[in-house]
Amino acid sequence: QKGKIYRSNIWGILEFPQDGKRNVGTGDTNIHEQDIPRVRAALAKHIDDNSEHFESTYRVKDKDERWIWVLDRGKIVERDDKNRPARMTGTLKDISQIKKAEERLKLFAKCIENISDAVVIYDRQFRTVDVNKAFQRITRKSKAKMIGTSLTFSRYPESFTQNVKKHLITKGTWHGEIESLRDNEPYLTDLNIDVIRDENGNISHFVGVFSDITKRKETEAELRKLANSDTLTGLPNRSYFQANQSRLVKNRVPHALLVFDLDNFKKINDSMGHQIGDVLLCKVAERILAIGRKQDTVYRLGGDEFVIVMPGIESEDILARLAQRLIEQFKAPINYDDKVCRVGLSIGMALGPNRENLDDPQRLLSNADLALTHAKTNGRGRFAIFNQSIAEAYKTEKDLAAQIRNGLLESEFVPWFQPVVTLDTLSPVAFALKYKWSHPERGLLTSQDFLPVSEVHNMAIEVGLQILESACLHMREWHANG
């Protein structure tokens, strides 16, 4: 009644809260300014006999000038003859740690509610307990509609859902990409589900977290397409060809490679322009696709070079018939606007894998390229299947090219002067210059023995210059000697 505290066994860190009601005579207070109105209102309600007891949680400053949370409970146990409070008893408890835990829980709850990833909580029977805002936004399903529903994956058989549940119970976690329906449109999510256990280690809940990865998957697919496709024709490109062909060789899958390029394409590209050339390549791709089987794949390696990979082909007869069909198909002209283009094909083919290319996928492509080169040497619009004779011819040509290169370094190419005489007097009036190769092992070789190979390997000009230079030196010496 006098506003004095007669007994207090409070811990030594705190003066009794100065609320201005139970301890009159001072205007100062150690209760937080945001809490004092609420404390006084609760006290007034109890003093006016409008509540059975007084209870309030608030912040109060301790002796070290720090704010701590307290739970203040009290009850008026005695009133005077005018019903004014005469005595009040109660307890004061430090609940700072409890309040901190509550604040953390509130923070966690706000984070879960407001994060961009969807969160769904299931009970032990896999019934939905709660979902956050992101879940409702991603799935377009309200919380009210979801509460109580069972975990299920509508786009998958029931056995899939049961396997996920078993995996969760035995392993404690599950992760996967899931396809679902949203407004009757499919979308993809990256889903993680984990077990929550109580203090006894028993499963109490399951929590699922997922994000919408539909756009990401579409972007990844587009990037893969750009990385593995030819931008002009839309056909798979060289890198995709190398990956798939390596897989076929690694898995010992019998298959055939058909490598071909267009006859006279450069002339068309130069004379009609690159735009026409691009259209022509697209038309060529369409024709090739129309001929092959469903399981065959057509690739554009670059320029006018194409490849067909044909799994399961082991017969040269089948290859020959297909090559002939391709060649016949391209005898018909290709029309674009008012322009007519005629292009032919030269085709090189190889079968594999075999002992020679079992561990080298690139070897099979090289063999097909050699067959293509061999086909072109016999004229345009032809095909060839790689065999041992082509391999031996290539080795011979390669060895000869190396010898020519060495012959240039050693100045082994010499002029051979053939006199030109008049028929009446048989007197020399000029000399015809012939190309000869003074080969260190094979003796004097004529131009027919080396010029074709030097032309293929871009050494013909060097050979001609070396012979011409030698001829000029001879001429100068002859003039000097009269």
* With sequence neighbours excluded, what pairs up with R342 under the side chain to side chain contact (heavy atoms under 4.5 Å, CB included) test? ->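 Partners of R342 by the side chain to side chain contact (heavy atoms under 4.5 Å, CB included) criterion, ordered by chain and then number, come out as P333.
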* Test side chain to side chain contact (heavy atoms under 4.5 Å, CB included) applied to D81 - qualifying residues, sequence neighbours left out ->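 If we apply the side chain to side chain contact (heavy atoms under 4.5 Å, CB included) test to D81, skipping adjacent residues, there are no hits.
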* Could you give me the CA-CA distance, side-chain angles and deciding distance for I308 and L257, then say whether side-chain contact (heavy atoms from CB on, under 4.5 Å) is met? => CA-CA 6 Å; I308 302 179; L257 285 188; over 6 Å; no
Are any of the side-chain heavy atoms of [X] and [Y] separated by less than 4.5 Å?
| X | Y | value |
| --- | --- | --- |
| H46 | M88 | yes |
| N132 | I115 | yes |
| V343 | I334 | yes |
| R300 | E305 | no |
| S96 | D94 | yes |
| S204 | R197 | no |
| H255 | V309 | yes |
| I68 | V70 | yes |

Rounded distance (nearest 0.5 Å) linking atom [atom1] of [X] with atom [atom2] of [Y]:
| X | Y | atom1 | atom2 | result |
| --- | --- | --- | --- | --- |
| D130 | I112 | CG | CD1 | 9.0 Å |
| D35 | R59 | CG | CZ | 4.0 Å |
| L92 | L71 | CG | CG | 8.0 Å |
| L370 | R363 | CG | CZ | 9.0 Å |
| F260 | L345 | CZ | CG | 6.0 Å |
| C111 | E113 | SG | CD | 11.0 Å |

* **Stepwise side-chain contact (heavy atoms from CB on, under 4.5 Å) test for E316 and L351** => CA-CA 8 Å; E316 291 188 2; L351 290 167; 3.7 Å; yes
Backbone N or O of [Y] within a donor-acceptor pair of the [X] side chain at under 3.5 Å?
| X | Y | answer |
| --- | --- | --- |
| S229 | T231 | no |
| D64 | R66 | no |
| D194 | V207 | no |
| Q136 | K143 | yes |
| N251 | V253 | no |
| R382 | L372 | no |
| D296 | R293 | yes |
| R380 | G344 | no |
| D304 | L262 | yes |
| D123 | Q125 | yes |

* To do: Please name the residue in the list W69, Y58, W67 that meets the ring pair (Phe, Tyr, Trp, His ring centres under 6.0 Å) test with H32.
  =>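 Answer to the ring pair (Phe, Tyr, Trp, His ring centres under 6.0 Å) test with H32 among W69, Y58, W67: W67.
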Heavy-atom closest pair, residues [X] and [Y]:
| X | Y | value |
| --- | --- | --- |
| A134 | D117 | CB-O, 3.4 Å |
| I313 | I318 | CD1-CG2, 4.0 Å |
| G381 | D263 | N-OD2, 3.0 Å |
| A332 | R287 | O-NH1, 3.0 Å |

Neighbour count above 12 (heavy atom, 6.0 Å) for [X] [atom1]:
| X | atom1 | value |
| --- | --- | --- |
| R79 | CZ | yes |
| E158 | CD | yes |
| N200 | CG | yes |
| K166 | NZ | no |
| E78 | CD | yes |
| K141 | NZ | no |
| Q162 | CD | yes |

* To do: Decide side-chain contact (heavy atoms from CB on, under 4.5 Å) for V307 and V298; before the verdict, give the C-alpha distance in whole Å, the side-chain angles of both, and the deciding distance to 0.1 Å.
  => CA-CA 6 Å; V307 170; V298 182; over 6 Å; no
* Asked: Under the salt bridge (charged side-chain N to carboxylate O under 4.0 Å, His left out) criterion, do D261 and K376 qualify, and how do the steps go?
  -> CA-CA 10 Å; D261 56 22; K376 285 183 176 182; 2.5 Å; yes
* **ring-ring contact (aromatic ring centres under 6.0 Å, His included) partners for Y156, two or more places apart** =>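 In terms of ring-ring contact (aromatic ring centres under 6.0 Å, His included), with neighbours along the sequence ignored, Y156 is linked to F160.
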* Asked: What do the steps show when you test S366 against D369 for side chain to side chain donor-acceptor pair (under 3.5 Å), and what is the final call?
  -> CA-CA 5 Å; S366 298; D369 281 331; 5.4 Å; no
Less than 4.0 angstrom from a charged side-chain N to a carboxylate O is my criterion; do [X] and [Y] meet it?
| X | Y | answer |
| --- | --- | --- |
| K106 | E102 | no |
| R321 | D317 | no |
| E392 | K395 | no |
| R182 | D212 | yes |

Distance-only criterion, 3.5 Å: show the donor-acceptor pairs between side-chain atoms of residues 234-244 and protein atoms not counting sequence neighbours.
unit_1: N237; atom_1: OD1; unit_2: S239; atom_2: N; d: 3.4
unit_1: N237; atom_1: OD1; unit_2: S239; atom_2: OG; d: 2.9
unit_1: N237; atom_1: OD1; unit_2: Y240; atom_2: N; d: 3.1
unit_1: N237; atom_1: ND2; unit_2: A227; atom_2: O; d: 2.8
unit_1: S239; atom_1: OG; unit_2: A227; atom_2: O; d: 3.4
unit_1: N244; atom_1: ND2; unit_2: Y299; atom_2: OH; d: 3.2

* ring-ring contact (aromatic ring centres under 6.0 Å, His included): which pairs involve residues 186-221, sequence neighbours left out? ->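 Passing the test, one end in residues 186-221: F126-F206, F135-F210.
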* To do: Give the intermediate values and the outcome of side-chain contact (heavy atoms from CB on, under 4.5 Å) for residues V456 and E397.
  => CA-CA 10 Å; V456 170; E397 179 186 308; 3.8 Å; yes
Donor-acceptor pairs under 3.5 angstrom involving side-chain atoms of residues 323-330: please list them, not counting sequence neighbours.
unit_1: Q324; atom_1: NE2; unit_2: E328; atom_2: OE2; d: 3.2
unit_1: E328; atom_1: OE2; unit_2: K331; atom_2: NZ; d: 3.0

* Could you point out which residue of I213, T214, V209 forms a side chain to side chain contact (heavy atoms under 4.5 Å, CB included) with S211? =>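 Looking at I213, T214, V209, the match for S211 under the side chain to side chain contact (heavy atoms under 4.5 Å, CB included) is I213.
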